[in-house]
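See below for the structure under consideration.
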Amino acid sequence: MVERPVPATAPALVLATETGSTLLVPGRDYRVGRDPLSDVVIDDARVSWRHAVLRCAGGRWTVEDQHSTNGTYADGGRVHAWGVGPGSLIRFGSPSDGPCAVLSCPPPSATRRPSSVSAPATTGAFRRPAGVRTLPSHPVRIGRAADNDLVVDDLVVSRRHACLRELPGGGHEIVDLDSHNGTYLNGRPVDRAPVGPGDVVGIGHSAFCLVGDQLQEYVDTGEVSLDVQDLTVAVDHGRRVLLDHVSFPVGHKCLLGVVGPSGAGKSTLLGALTGQRPADHGTVVYDGRDLYRDYAELRQRIALVPQDDILHVQLTVRAALGYAAELRFPQDTRRAERRARVEEVIRELGLEQRAGQHVHSLSGGQRKRVSVALELLTRPSLLFLDEPTSGLDPGMDRSVMHMLRGLADDGRTVVVVTHSVLSLDVCDRLLVLAPGGRVAYYGPPGEALPFFGFDQWPEAFEAFEHDRDRDWAERYRDSPLRRRYVVDAGEQPRLSRSGPVIMLPPPRPRGRVAQLATLVRRYAAALAADRTFLAIMVVLPFVMGAMARALAGSELTRETALNALLVLCVGGVLTGAANAVRELVKERAIYRRERAVGLSRSAYLASKIVVLGAVTVGQAVVLTLVALLGVDLHAPDGRGVLSPSPLVEIAVAVALLAFTAMMLGLVVSALVRREEVTMPLLVLLTLVQVVFCGALLKLDAVPGLEQFAWLAPARWALGAMAATVGLSRLVPGDVTADPLFEHAAGVWLLDTAMLVVLSAVFGFAVSRLLRRHEPTVMRG
């Protein structure tokens, strides 16, 4: 059979079948077969699962048969590799009446391609067209609302999301309409960009591709696969390797278990697979798409349940999920839509009987179900879990693993990192990492122990740790198991990358005001449900105020004035710092996860400041009134330096002190790694304020001490209160002769202004410290 010639420089082609059209762009392969993950799906019994491949090489298009059962036919004969071009007719499975495909040139308007836009390697999970629309002359509005030209029924899509417009000189452009989750062109976030043939516009779980004058929609159904290619992670300037060329495939609807001894790199691998800590080298292929390159778009389809709970335990299950839905869905989502989705995941996870319970009252297994339910709100395709059975009894361990098995069977790809080996039999595949981050085994769980030559997993882990003479990773690399389950099983294209991994950060979160409102309501609800916090909040100002009142008596005198003001300083510092010193560290896992899915750092910090600030200022006013209401303050002329009431000025100074101490407490909370160390630091913080406030030591004109004391909020608060009552007149002496205690309007304004400045400095410090606890790609 003589091969028909084709042009030396192959153009883009349109492949038309009975189910639709596909634009073929040089530079990638297009798979044809019965497999739903094929680029061109032909659902016919005569067509093999993986039947043929269309590729462009050497300036020409070729169809290659993939050893199909019934063959591929062109020009009336069976072919193995055959040159094709415009006008070619290919049949699959039968030369006479088999399903056919016709190749043609795209329309002239579809051949214009902006040189500044690069096509993606593949449309990945978006392989089966969900709909085809002939483009009208007017702009095409895309969004969730029913009155759009193209309606996308997806809660992560805004009601008015994007618009596809025709350019005056020909071609089209996509314009984002200030959507909540962004519009993406070939994986990159865009506000406005030209769109050419082969470009993929990503909106929510859908993608759109121009084919001639038609707009084809592809939907991510969730049945995605991964191909992990040569992931390598090193620290200490490359001297210590955490992951060493890790490669393995993960099929769709697969439950993959990852096990290994401590220090084998399991958590590092999880960070690399989710994109939160990308590998230094290597690629994660998400259904044909480079996860790192397209991370800004694909992150919305990846869910991660960390080892620590990502829930406010004071809230009920339904309330926790409801607030999460407000943060993750566009602000134009109706309350009824959010509630319906919350109830849907509650039913899916079997939490109907627990929906009204507070999270802290649930068992460990039920809490983990709620964490998973929270992640399922946005219908992710990939679900990753880090030690979900940690601390659970064997029965709960088994229950959680069977829940994950069910989630995979429902159409998701699930990867679980675990120390437990009790329920590995429910997994489809098992990855065993050896020390040094090398693959010691990948394949079915039932073949793992026979491969290692042990009867129990503890024996295998012990051998990994102590049998240094046996290279487990090398043994697996040379085994037929690796060829069967890694090399031959890989379905994804091989993506090459030169140089280190470079990931663009996701677009900055939008709707920060709406986020702030939600965060304020959630935080206030969580604090109101915390009875211990409420008790301390109510009792502390009364106790400290009563102590100051006992010292002050009925009037401030030479003997009582300094001590009374000092107790007010201590009370203000304790009130503010105690409120805040635990609030960031105890929510670190929640913050890290929510930041990865679009939480605004500024909105999160502002919510803490608004709620805690209101509580703290209220406590400070109560403290001052309990301590000094009705006390003769003996201020000069019975007035303050700026107002007729010295009590008001003192209350303002105490409130500013408490607020500044609260900001300092947030600094400590953002700085520490464990909640347990905050209480000793609170005591140390209070002692430092007492020593450097100026009531015990002469600080004025003392080099070193004076400058260090400028950083102590109590120094300026005591100065403002002393200025109000004229402390140097009431209590003569070297300590009270401090210029910051002078009864003058300028001095009082300086003291209070410095408290405001310190609050701003501490706020900036908290914002910078929060960056350390964010996913690497979010630190911008």
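Annotation: side chain of H180 is not in contact with side chain of H161 (no heavy-atom distance under 4.5 Å). Between L226 and L256 there is no side-chain heavy-atom pair separated by less than 4.5 Å. Side-chain contact check for P278 versus Y295: every heavy-atom pair is 4.5 Å or farther apart. In this structure the side chain of V417 never reaches within 4.5 angstrom of the side chain of Q307, judged on heavy atoms. Within the 4.5 Å cutoff, side-chain heavy atoms of L671 are placed close to those of R772. Side-chain contact between R369 and Q366 is present, with heavy atoms from C-beta onward closer than 4.5 Å.
Side-chain atoms of E594 do not come within 3.5 Å of backbone N or O of Y591 as any donor-acceptor pair. Not a single donor-acceptor pair under 3.5 Å links the side chain of T413 to the backbone N or O of L382. Of the possible polar contacts, none joining the H419 side chain to the G260 backbone as a donor-acceptor pair under 3.5 Å is found. The backbone N or O of L584 lies less than 3.5 Å from a partner atom in the side chain of S669, making a donor-acceptor pair. With hydrogens and angles disregarded, no donor-acceptor distance shorter than 3.5 Å links the side chain of R715 to the backbone of G694. Judged by distance alone, the side chain of R592 and the main-chain N or O of H773 form a donor-acceptor pair under 3.5 Å. The backbone N or O of F764 sits nowhere less than 3.5 Å from a side-chain atom of S767 that would complete a donor-acceptor pair. A donor-acceptor pair under 3.5 Å links the side-chain atoms of Y292 to the main chain of A279, judged by distance alone. The backbone N or O of T283 sits nowhere less than 3.5 Å from a side-chain atom of Q229 that would complete a donor-acceptor pair. Formation of a donor-acceptor pair under 3.5 Å by the R144 side chain with backbone atoms of V157 is found in this model.
When only modelled atom types and interatomic distance are considered, S602 and S600 share a side-chain donor-acceptor pair under 3.5 Å. With no hydrogens or angles considered, a side-chain donor-acceptor pair links Y523 and E583 at under 3.5 Å. Under the 3.5 Å distance criterion, with hydrogens and angles disregarded, a donor-acceptor pair is assigned to the side chains of E587 and H312. There is a side-chain donor-acceptor pair under 3.5 Å between S361 and Q357.
Expressed to the nearest 0.5 Å, how far CG of L273 lies from CD1 of I302 amounts to 9.0 Å. In this structure, Y604 OH and L599 CG are separated by 8.0 Å, a value rounded to the nearest 0.5 Å. Between the OG1 atom in T678 and the CG atom in L685 there is a gap of 11.5 Å [rounded to 0.5 Å].
Listed here is the closest heavy atom pair of L516 and A603: CD1-O, 3.6 Å. In terms of heavy-atom proximity, R299 sits nearest to A596 at NH1-O, 2.9 Å. Closest of all the heavy-atom pairs between L433 and P261 is O-CD, 3.3 Å. Taking each heavy atom of L231 and A272 in turn, the nearest pair found is CD1-CB, 4.0 Å. Nearest heavy atoms, R188 versus R293: NH1-O, 2.6 Å. In terms of heavy-atom proximity, C693 sits nearest to L718 at O-CD2, 3.4 Å.
Ionic pairing of R328 and E375 is present here: one or more N-O contacts between side-chain nitrogen and carboxylate oxygen are shorter than 4.0 angstrom. Of the charged side-chain nitrogens involved, none lies within less than 4.0 Å of a carboxylate oxygen, so that E774 and R771 do not count as a salt-bridged pair. A salt bridge does not link D332 with R159: every distance from a Lys NZ or Arg NE/NH1/NH2 to an Asp or Glu carboxylate oxygen is 4.0 Å or more.
Considering T616, N579, L519, L527 in turn, L527 is the only one that fulfils the side chain to side chain contact (heavy atoms under 4.5 Å, CB included) rule with V611. Checking each of R522, R521, Q515, Q331 against E326 for a side-chain hydrogen bond (donor to acceptor under 3.5 Å, both in side chains) leaves exactly one that passes, namely R521.
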Residue pair M544, Q619: steps toward the side chain to side chain contact (heavy atoms under 4.5 Å, CB included) verdict
CA-CA 10 Å; M544 299 302 300; Q619 289 176 298; over 6 Å; no
Apply side chain to side chain contact (heavy atoms under 4.5 Å, CB included) to residues H205 and Q300 and explain how you reach the verdict.
CA-CA 8 Å; H205 291 85; Q300 299 180 44; over 6 Å; no
Side chain to side chain contact (heavy atoms under 4.5 Å, CB included) evaluation trace for V581 with M679:
CA-CA 8 Å; V581 77; M679 288 302 106; 3.6 Å; yes
